[in-house]
Amino acid sequence: PGGTYANQVGQSVCHTCSKGKYSTGSAATCTSCTAGTYQSAMGSTNCMDSKPGQFSPSGSYQCSTCHAGTYSLAAAPKCTNCVAGKVSDSGVSVCTDCAAGKFSFAAEGSCTDCPAGKYNTVAASATCTSCEAGMYSSSGVTSCETCPSGKYSGIASASCQPCAAGTYTSVPKSSTCMKCDKGKYQGNVGTTFCYSCNPGTYAATTGQLTCQNCAPGTYTPDYATAVCESCIPGTYTKRSAATYCDDCLQGQYQPSSGSV
């Protein structure tokens, strides 16, 4: 009868097919279940398809569950890896898209947030895109934010940095800060402008935090001065930070410039 076999001539009884095998009758041997099928009972005349989310190699008496990151349809000889951008729990028949702001590599069981400084805008993404310079992002987002004026960032930044003292940026989305011009200064961080040096003071180089006083014998009446002028012959000043030079008194003279 089916489910049994006789492998010798003249046998008085038939042997029962073991689990994972079957016969349809008058068989000299039992046939192993093909891959994708199984049989858990002895003495069977057929094999059954493995269920979705499971698999079975040839000769199986039970199905095995697909592990996380893989899937299978019915009658599967093995599980298939989820492609990058899709994930699965164990024992499922389909992989699920990662949401926008997340990604996955192939054969993974869960999605990962895009790291800070990166983003993506579509579901089922295998990668994340770096924020461009002048922008930033936290983790797991679908877009980058713009750095405000007074701050800057490089590529793939998680935050914006304030402009250092002596520098500024007056526009949003800056990748760098500019040094204050000669004759100007800025002692604070994260600013959008530089101050002009007051009359009597100067800044000879760019990127200054403060202005210097004009030395005695020199002066400047103007704002935003890069260099102080020397007092002309016949004038002088003993003051620092002078905005003008004094005329020599009656009966006195001064033939040199820059005199104190």
Side-chain angles (χ1 to χ4, degrees), residues 114-119 121 128-260:
C114 289
K118 296 189 175 185
Y119 73 104
T121 59
C128 299
T129 303
S130 295
C131 294
E132 60 184 288
M135 304 187 79
Y136 71 100
S137 78
S138 56
S139 61
V141 299
T142 59
S143 63
C144 300
E145 302 291 334
T146 298
C147 292
S149 301
K151 295 187 176 184
Y152 72 100
S153 73
I155 295 173
S157 291
S159 62
C160 302
Q161 302 300 313
C163 292
T167 69
Y168 75 102
T169 176
S170 59
V171 295
K173 201 179 177 181
S174 293
S175 59
T176 59
C177 299
M178 296 181 291
K179 290 183 177 181
C180 294
D181 292 334
K182 294 178 180 180
K184 295 187 175 184
Y185 73 100
Q186 179 55 262
N188 298 315
V189 299
T191 61
T192 61
F193 65 95
C194 296
Y195 296 103
S196 294
C197 292
N198 289 325
T201 66
Y202 71 101
T205 58
T206 60
Q208 293 300 299
L209 279 61
T210 60
C211 299
Q212 305 298 313
N213 290 335
C214 291
T218 65
Y219 75 104
T220 177
D222 302 318
Y223 287 91
T225 295
V227 61
C228 299
E229 300 177 47
S230 295
C231 293
I232 62 174
T235 65
Y236 73 101
T237 178
K238 294 183 178 180
R239 303 181 302 277
S240 61
T243 59
Y244 62 91
C245 296
D246 297 305
D247 292 332
C248 291
L249 298 176
Q250 187 175 2
Q252 297 178 336
Y253 73 99
Q254 177 51 260
S256 303
S257 61
S259 296
V260 297

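For reference, positions follow the sequence shown, starting with 1.
Atom-to-atom distance recorded for T176:OG1 and Q161:CD is 13.5 Å, nearest 0.5 angstrom. Rounded to the nearest 0.5 Å, atoms CE (M135) and OG (S157) are 11.5 Å apart. Between the NZ atom in K151 and the OG atom in S174 there is a gap of 12.5 Å [rounded to 0.5 Å].
The minimum heavy-atom distance linking P172 with T146 is given by the pair CB-CG2, 4.0 Å. The nearest pair of heavy atoms linking Y236 to C231 is C-SG, 3.8 Å. Here the closest heavy-atom approach between residue C214 and residue Y219 is recorded as SG-C, 3.9 Å. Between P162 and Y152, the shortest heavy-atom contact is O-CE2, 3.7 Å. Residue S137 comes nearest to S143 through the heavy atom pair CB-O, 4.1 Å, listed as atom of the first residue, atom of the second, then distance. Closest approach of C248 to T235, counting heavy atoms only: SG-N, 4.2 Å.
Side-chain contact between S139 and P115: absent, with no pair of heavy atoms (C-beta onward) separated by less than 4.5 Å. The shortest side-chain heavy-atom distance between Y119 and C131 falls under the 4.5 Å cut-off. Residues C144 and Y136 have side chains not in contact (no heavy-atom distance under 4.5 Å, counting atoms from C-beta outward).
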Can you give me every donor-acceptor pair (side chain of residues 200-209, partner residue at least two apart or in another chain, under 3.5 Å) with its distance?
| unit_1 | atom_1 | unit_2 | atom_2 | d |
| --- | --- | --- | --- | --- |
| T201 | OG1 | N198 | N | 3.1 |
| T201 | OG1 | N198 | O | 2.6 |
| T205 | OG1 | Q208 | NE2 | 2.6 |

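Scored by the side-chain contact (heavy atoms from CB on, under 4.5 Å) test, T191 finds Y168, Q186, N188 as partners (sequence neighbours excluded). Residues that satisfy the salt bridge (charged side-chain N to carboxylate O under 4.0 Å, His left out) test with D246, not counting sequence neighbours, are R239.
Around atom OH of Y244, no more than 12 heavy atoms belonging to other residues, nucleotides or ligands sit under 6.0 Å away.
The closest side-chain donor-acceptor pair between T192 and S149, if any, does not fall under 3.5 angstrom.
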